[in-house]
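A short worksheet on the structure shown next.
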Amino acid sequence: MTKNILIINSDPEASRIIASNLSSPNTEIVYEYSMEEALKTYAQKEFCLIILDAAMSAEDDHRLLAALRKSKTTPILILSSQSCRVERLRVLRAGAHAYIGHPYSMEECLAQAQALMQLY
């Protein structure tokens, strides 16, 4: 069975780096670079994990999280340039399952992603 992962990130290079580390023969990775396209793709396909880089405005991130959470219970991992406790709490309350603030290692990102995929 193929596992689908949705990466939402405005930076194509960062998306490719994450995807290359999560690739496997039974994994399909879908990239989206905007909130609107991410919601369309999410509605059309079943995903075992969403990785959202919180590079958009905090308000957009929270609206996107709320919209994703309303329709399905897919695990969501947030990657953020902020490591502020207040923002971390806001994002978790908005529907994220895990939050990693910069600087983070790719090993930490992969470990969180794999742990969340096991929930699916």
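Keep in mind it's a predicted model, so treat the numbers as computed, not measured.
- Nearest heavy atom pair, residue Leu65 against residue Ala94, reads CB-O, 3.7 Å.
- With values rounded to the nearest 0.5 angstrom, Cys109 atom SG is found 5.0 Å from Ile100 atom CD1.
- Ala98 approaches Gln112 most closely through the heavy-atom pair CB-OE1, 3.5 Å.
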Show the numbers, then the answer: is there a side chain to side chain contact (heavy atoms under 4.5 Å, CB included) between Ile78 and Leu92? CA-CA 9 Å; Ile78 299 292; Leu92 291 169; over 6 Å; no

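- Applying the salt bridge (Lys or Arg N to Asp or Glu O under 4.0 Å) test to Glu108 and every residue at least two apart in sequence or in another chain returns nothing.
- In this structure, NE2 on His102 lies 6.5 Å from CG on Leu79, to the nearest 0.5 angstrom.
- Both Ile17 and Tyr31 belong to a common hydrophobic cluster when Ile, Leu, Val, Met, Phe, Trp and Tyr are linked at side-chain heavy-atom distances under 4.5 angstrom.
- Scored by the side chain to side chain donor-acceptor pair (under 3.5 Å) test, Ser24 finds Asn26, Thr27 as partners (sequence neighbours excluded).
- Contact between Pro75 and Cys48 at its shortest, heavy atoms only, is CD-O, 3.4 Å.
- Proximity of a side-chain donor or acceptor of Lys45 to a complementary backbone N or O of Leu6 within less than 3.5 Å is not detected.
- If you check the side chains of Thr41 and Glu32, you find a donor sitting under 3.5 Å from an acceptor.
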Would Ile8 and Ile51 count as a side chain to side chain contact (heavy atoms under 4.5 Å, CB included) here? Give the steps. CA-CA 6 Å; Ile8 307 167; Ile51 300 175; over 6 Å; no

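- Atom CD of residue Glu28 and atom CG of residue Asn4 lie 5.0 Å apart, to the nearest 0.5 angstrom.
- Once rounded to the nearest 0.5 Å, the distance linking CG of Leu49 with CD of Gln118 reads 11.5 Å.
- With rounding to the nearest 0.5 angstrom, the CD1 atom of Ile7 is 11.0 Å from the CG atom of Leu52.
- The shortest non-hydrogen separation linking Ala19 to Ile29 is O-CD1, 3.4 Å.
- Of all non-hydrogen atoms in Ser15 and Asn9, the two that sit nearest each other are OG-CB, 3.2 Å.
- Put simply, the side chain of Arg88 reaches to within 4.5 Å of the side chain of Arg85, judged on heavy atoms.
- The main-chain N or O of Pro12 is found under 3.5 Å from a side-chain atom of Arg16 such that the two form a donor-acceptor pair.
- Defined by atom type and a distance below 3.5 Å, a donor-acceptor pair is present between the side-chain atoms of Thr74 and Tyr42.
- Side-chain heavy atoms closer than 4.5 Å link hydrophobic residues (I, L, V, M, F, W, Y) into clusters, and following such links, possibly through other members, connects Ile18 to Leu110.
- In this structure, Ala113 and Leu77 approach most closely via the heavy-atom pair N-CD2, 4.1 Å.
- Under the 4.5 Å side-chain heavy-atom criterion for Ile, Leu, Val, Met, Phe, Trp and Tyr, Tyr33 and Ile5 are members of the same hydrophobic cluster.
- Separating the NZ atom in Lys3 from the CZ atom in Phe47 is a distance of 14.5 Å, to the nearest 0.5 Å.
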